[in-house]
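To find a chain, count down the sequence lines: A is the first, B the second, and so on, and within it residues start at 1.
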2 protein chains.
Amino acid sequence: MGDGCDMATLAEIARRAGVSSALVSRVINNDETLRVSQETRESVLRVVQEVNYAPNVAAQSLRSSKSGTIAFVVHDAANPVYGEILRGAQAEAERQNKAILLGDSAAGNVGNSRLAQMIRGGGVDGLILQAAGVQADNLIIKAAHKKVPVVQLQTDIGLGGSLVQLPDAPAAEIATRHLRELGHRTIGCLATVEGLTFTESRMKGWQHEMGADADPSLVAHAAPFAEEGEAVTRELLLRRPDISGLVCFNVVAAIGATRAAIALGLDVPRDLSIVSIHDVKFAEDLKVPLSVVRMPLAEMGQVAIKTVCIEARELPARIAIETSPEFVQRQSTAAPGR
Amino acid sequence: MGDGCDMATLAEIARRAGVSSALVSRVINNDETLRVSQETRESVLRVVQEVNYAPNVAAQSLRSSKSGTIAFVVHDAANPVYGEILRGAQAEAERQNKAILLGDSAAGNVGNSRLAQMIRGGGVDGLILQAAGVQADNLIIKAAHKKVPVVQLQTDIGLGGSLVQLPDAPAAEIATRHLRELGHRTIGCLATVEGLTFTESRMKGWQHEMGADADPSLVAHAAPFAEEGEAVTRELLLRRPDISGLVCFNVVAAIGATRAAIALGLDVPRDLSIVSIHDVKFAEDLKVPLSVVRMPLAEMGQVAIKTVCIEARELPARIAIETSPEFVQRQSTAAPGR
DNA sequence: GACAAGTGGTAAATCGCTTTACCAAACTTC
DNA sequence: GAAGTTTGGTAAAGCGATTTACCACTTGTC
């Protein structure tokens, strides 16, 4: 039994089996055009087993210009929402036999990182970007674009490549309609960062469902952090004390919104109903279990990987995830005044 | 201005600058032993700028036997606790100029994955393993061990390499002592999976603080999932209704424990005080805001990367994180019966 | 016995970068 | 003006896997 301690090479195996390294490679890779006797093939495979051979990935990668690696850059890996996307991506990557290089644009300067070097230097086969508001990195990514297929998630920051979109407008509509059906008329909108593609789509959904009641002063924008959601909601509620329902575009911000409401002495849902887009584990364990619209996040991760692995010249410009958002009723929403 | 569209090579640059590719390489890498005229150097660098040169990472990797990549395998990337570890790891990886390849042993079969191929084939410079209860993967990992430095987090599954440990016993002591000081005597222990290194260390902490009151029937084990924490706690509380305080080794299980208590009609903290190891964002937003002992998780991630990057022959067998756990009082603990 | 058609392989050129060893020409030095 | 020394580089050998082109030998065929 080999001990696997030696970094065996093709040449080493060839030597042990008494054949050429070309033959070994062709046997291992099941070259259809190869004509080889059964015994030679077996003796080669035996040696391969013995030395526990594993091909050198750098050599393969150099020769084939394929790294077997996908860069997945999110802007805050700690956000539970991204965890879900990543889960779907991981599973699909497994199927495509790719490994995932994780980048966190919040955790540091992606532009100068090793990851960027790899992207620029042919070290990844594709790039998936979840970049809600990245700035300086654009240059690097842009430069990379010609070399590597790029898939953007949720928002188009103008890099070309494909844009994968969730059913944003429908989700916002579902959330808003839920409150409307409960009897709410003055419904605030705690949106995500202004200008992002998905923010605008969700705004459209809210506006559509609000109809004539869609007053711009009911809208506020917050990045997906609880603290910011809290601060922004506080201002919104002070500005428009008549708001009886609130649609949040991000569940983390929604948690902040709940804090703000409670801090203002409001009862949720009696004084303020809150519904959010995106679910989170332990939503039911919250002080106020949030009613939410669940998005097909894992599917988005999966589609992103699948798309970036397409060998075709040009990727589709847009890919819409069609799976319907799922409304989950919990205890943060009720009829107004009750 | 170059368009960066062409995968420029050293040879291409050499041709354009009218020098040899060896010279270009040595200029780029600031070879101290190189003697070169100022103008030649400048003209080389000018061409490098022009074509927006980025070295081919596969070639570098092949030549140098360094990939600039660390594999980081967790057993459930969605667990918020690991998110924190990963955050520290990311930051340190940035400093070490390494990229992180993320593996999720829950998301699929790590053994057959592309990641495993890379580990075995010299495609990573190190392997960090957070493997609370992995089984089949051991073989692969073991095989990899001779080729690549391995760092295990929190628990030793016998792979050799380094083991990074949190202050487990102190954390459990702090949690238990907190309840003792509140006046609790019959304190349950919702431990993590039996046999894991950190589980045993924390058990020691609980036992030490409990002294003669450390009855084995007060102990139950649960994997870090809310559902399992709930089920196991339910049984424990039914078996020992006299328990007035509960120390949980994992915050996710603690959330489940809270569910179980509530389902049994108990009020937390009046009828049952719950304290957990590990903090989580939004702990204060929970129905019962959990009192916790915060662990230096980000530091552990950082230390893991730092350790795995050490060039020395042999890594230290054990590395203890010395930073003290921090107790955070919230509303899940109180004096018994009050 | 000459020619074609298999059979069972091998040699050698890449892929792009790094690094060691070496070298020609121009200066010193005595 | 012969022997060093410095200056400013270059040639070439890898790293390990893949792949194309080719080759020697054996069989069959008429």
Side-chain angles (χ1 to χ4, degrees), chain A residues 6-45 47-48 51-68 114 117-118 120-125 147, chain B residues 6-45 47-48 51-68 114 117-118 120-125 147:
Chain A
D6 39 18
M7 276 284 198
T9 68
L10 274 191
E12 169 70 8
I13 293 175
R15 199 182 56 68
R16 292 216 205 186
V19 296
S20 70
S21 64
L23 180 63
V24 179
S25 171
R26 298 178 68 186
V27 165
I28 290 175
N29 296 313
N30 276 313
D31 183 339
E32 297 289 348
T33 74
L34 173 64
R35 318 250 52 214
V36 69
S37 71
Q38 195 55 28
E39 40 177 354
T40 307
R41 176 191 299 275
E42 277 166 10
S43 81
V44 166
L45 290 176
V47 178
V48 166
V51 303
N52 190 19
Y53 173 70
N56 182 297
V57 297
Q60 284 183 321
S61 177
L62 175 58
R63 185 69 228 266
S64 67
S65 306
K66 285 277 161 236
S67 65
R114 173 72 191 158
Q117 292 171 19
M118 296 186 70
R120 291 165 31 99
V124 307
D125 295 341
K147 314 193 180 186
Chain B
D6 40 16
M7 275 284 196
T9 69
L10 273 191
E12 170 69 8
I13 292 175
R15 199 183 55 68
R16 292 216 204 187
V19 297
S20 70
S21 64
L23 179 64
V24 178
S25 172
R26 298 177 68 186
V27 165
I28 290 175
N29 297 313
N30 276 316
D31 182 339
E32 296 288 349
T33 74
L34 172 65
R35 321 247 52 217
V36 68
S37 72
Q38 195 57 26
E39 37 177 356
T40 306
R41 176 191 298 276
E42 277 166 9
S43 80
V44 166
L45 291 176
V47 177
V48 165
V51 302
N52 190 19
Y53 174 70
N56 182 298
V57 296
Q60 283 183 320
S61 177
L62 175 57
R63 185 68 227 266
S64 66
S65 306
K66 286 279 161 234
S67 66
R114 173 73 192 159
Q117 293 172 19
M118 296 187 71
R120 291 165 31 96
V124 307
D125 295 341
K147 315 194 180 186

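- Side-chain atoms of A/V36 lie closest to C/dG9 of the nucleotides D/dG9, D/dG16, C/dG9.
- Within the nucleic acid shown, A/V24 has no heavy atom closer than 4.0 Å to any nucleic acid atom.
- Taking only side-chain nitrogens and oxygens, B/Y53 comes nearer than 4.0 Å to OP1 or OP2 of C/dC17.
- Residue B/S20 places its side chain closer to D/dT10 than to any other of C/dC17, D/dT10, C/dG9.
- Using a 4.0 Å heavy-atom cutoff across all strands shown, A/T9 reaches sugar-phosphate atoms only and no base atom.
- Summary of the strand contacts: B/T33 and B/A58 both lie near DNA chain C, and taking for each the nucleotide with the nearest heavy atom, the more 5' one is attributed to B/A58.
- Residue B/V27 forms a side chain to side chain contact (heavy atoms under 4.5 Å, CB included) with just one option from B/N29, B/D31, B/V24, B/L23, and that option is B/L23.
- In this structure, A/R35 does not reach the C/dG8 phosphate: none of its side-chain N or O atoms is under 4.0 Å from OP1 or OP2.
- Counting only Watson-Crick and G-U wobble pairs whose two distances sit under 3.5 Å, DNA chain D takes part in these stems of three or more pairs: C:1-30 with D:1-30.
- Comparing C/dC17, D/dG16, D/dT19 against the side chain of A/L62 picks out D/dG16 as the nearest.
- OP1 or OP2 of D/dG9 sits under 4.0 Å from a side-chain N or O of B/S37.
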(request) Could you encode protein contacts along nucleotides 21-29 of chain D as a string, one character per nucleotide from 5' to 3', using B for base contact, S for sugar-phosphate-only contact and - for no contact, with a heavy-atom cut-off of under 4.0 Å? (result) B--------

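- Residue A/D31 is classed as having no contact, given no heavy-atom separation below 4.0 Å to the nucleic acid.
- Contacts of B/T40 with the nucleic acid, taken as non-hydrogen atoms under 4.0 Å apart, involve only primed sugar atoms and P, OP1 or OP2.
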